[in-house]
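First comes the structure, then the notes that go with it.
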Amino acid sequence: MHGIARVLSKLGVASRTEAADLVAAGRVSLNGRAVRDPEQPADRWRDRIEVDGRPVAGAAPVYLARHKPAGLLTTAHDPEGRPTVYGLLPPDLPSWVFPVGRLDGPTSGLLLFTNDARVGDALTNPDVGVPKTYEVKVKGQVSPAKLEALRDGVELDDGYVTSPAQVRVMSTNEGSTWMELTIREGKNRQVRRMGLAVGHEVVKLRRTRVGPVELGELPSGQVRPLTSAEVRALRAIGKVSAPRAKRDARRSGPRPPRGPRRGHGRPH
Ligand code: URA
């Protein structure tokens with residue numbers, strides 16, 4: 001369990017400092033009782049937490065898919081007031097929802113929102129390795145050797161070596177290539193950096209699938225609730241993988257030092 005201010009920031013409600021201020025101002029309740037101590041232990045998987053009377057954890061679960069247009073930031077509040085992915089979410093949602101993982105400002109495509117911490121954690125946990133598929137347009141023609149390198153794993157600018165990926169060319173002409181790329185990690189700007197690692201700048205990037213959920217024909221900017229089959233599939237990932245990932249993390253002890261290695265990156 002963490003202090004309630006940390007839990008609020010993990011849920012994406014506010015930064016840690018802002019969350020501490022919300023708590024100190026008496027705007028946060030835990031299981032129906034107002035709390036004033038930002039360090040009050042809270043469990044985002046089990047406790048009911050409300051801010052200004054609106055549930056942010058412990059409410060009936062909500063699962064949404066949004067087609068994020070390029071140009072929106074994946075954050076709750078931008079200090080510079082730029083548009084965020086929260087714009088155009090239905091205003092009458094029964095609960096706070098957080099985006100599952102992050103898409104860069106210029107990246108478009110499928111972004112899931114939920115208030116189900118178990119599902120959110122599982123989908124972004126690199127130890128779980130849920131596949132995410134992207135359509136990627138890069139400059140130039142990509143040689144078979146470079147496609148093979150992307151499949152095997154490439155060394156990014158910080159020395160991190162990516163895990164095996166699935167890659168196929170969708171179309172190509174003299175100036176550019178569209179590829180479909182599936183990765184099971186989520187390092188910061190990973191696909192763009194994978195492109196650079198093989199000498200091909202990514203000029204367009206769209207996410208088309210996260211685990212069992214597909215973007216499909218959802219128009220840009222639109223939001224849809226997930227189907228019950230999709231929710232069942234996501235919950236199955238959350239149920240099976242979250243305890244296993246926690247147990248594995250405990251077993252493996254302290255994390256290895258940073259450096260060239262495969263596999264275990266922080267989700268972005
Ligand atoms: N990889 C990127 O480079 N950007 C994203 O937004 C997602 C994956």
Side-chain angles (χ1 to χ4, degrees), residues 12 64-76 78 82-89 97-114 120-140 142 146-147 149-170 176-216 218 220-223 262-268:
L64 303 170
R66 176 159 195 209
H67 186 157
K68 173 193 176 296
L72 299 187
L73 299 180
T74 311
T75 179
D78 179 52
R82 289 169 294 182
T84 78
V85 293
Y86 280 93
L88 303 181
L89 277 185
V97 288
F98 56 86
V100 178
R102 179 144 53 100
L103 290 178
D104 300 333
T107 303
S108 63
L110 179 61
L111 187 60
L112 301 179
F113 288 83
T114 185
D121 283 358
L123 291 182
T124 53
N125 185 337
D127 294 329
V128 176
V130 170
K132 284 151 285 196
T133 300
Y134 297 86
E135 290 176 358
V136 192
K137 183 182 183 187
V138 296
K139 281 192 183 163
V142 187
K146 288 184 174 178
L147 290 173
L150 288 170
R151 287 187 189 110
D152 287 349
V154 289
E155 185 171 336
L156 303 184
D157 45 9
D158 59 358
Y160 178 84
V161 180
T162 58
S163 297
Q166 284 161 268
V167 186
R168 75 177 178 94
V169 172
M170 299 164 68
S176 64
T177 303
W178 273 101
M179 299 183 290
E180 187 182 67
L181 177 70
T182 300
I183 57 175
R184 290 174 175 270
E185 318 167 89
K187 297 280 280 178
N188 194 22
R189 303 182 69 251
Q190 179 161 338
V191 176
R192 293 175 193 279
R193 292 161 68 209
M194 286 173 76
L196 289 179
V198 292
H200 289 279
E201 187 188 338
V202 172
V203 289
K204 270 203 182 133
L205 185 55
R206 177 167 56 228
R207 184 156 68 189
T208 55
R209 180 183 263 274
V210 174
V213 184
E214 261 186 285
L215 180 63
L218 188 64
S220 178
Q222 297 293 300
V223 181
R262 275 186 194 274
H264 297 271
R266 192 176 162 273
H268 69 224

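In each ligand, atom 1 is the first atom listed, and ligand 1 is the first ligand listed. Computed over heavy atoms, backbone and side chain alike; hydrogens, waters and symmetry mates excluded.
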Quick check: closest heavy atoms across Arg151 and Val167, and the distance to 0.1 Å?
NH2-O, 2.8 Å

Can you name the atoms of ligand 1, numbered from 1 with element, that are less than 4.0 Å from a heavy atom of Tyr134?
7 (C), 8 (C)

Proximal atoms of ligand 1 relative to Thr107 (non-hydrogen, under 4.0 Å):
4 (N), 5 (C), 6 (O)

Does any donor atom in the side chain of Arg192 or Thr107 lie under 3.5 Å from an acceptor atom in the other side chain?
yes

Is the backbone N or O of Asp104 less than 3.5 Å from a side-chain atom of Lys68, with the two atoms forming a donor-acceptor pair by type?
yes

Under 4.0 Å, heavy-atom basis, I'd like to know which part of Leu205 is in contact with ligand 1: side chain, backbone, both or neither.
side chain

Does ligand 1 come near enough to Arg193 that some N or O of the ligand is less than 3.5 Å from an N or O of the residue?
no

Ignoring hydrogens and angles, state whether a donor on the side chain of Thr84 or Thr75 is under 3.5 Å from an acceptor on the partner side chain.
no

Option of least heavy-atom distance to atom 1 (N) of ligand 1 (set: Val136, Val191, Leu181):
Val191

Indicate yes or no: does an N/O atom of Arg102 lie under 3.5 Å from an N/O atom of ligand 1?
no

So among Val203, Val202, Leu150, which one has a side-chain contact (heavy atoms from CB on, under 4.5 Å) with Val136?
Val202

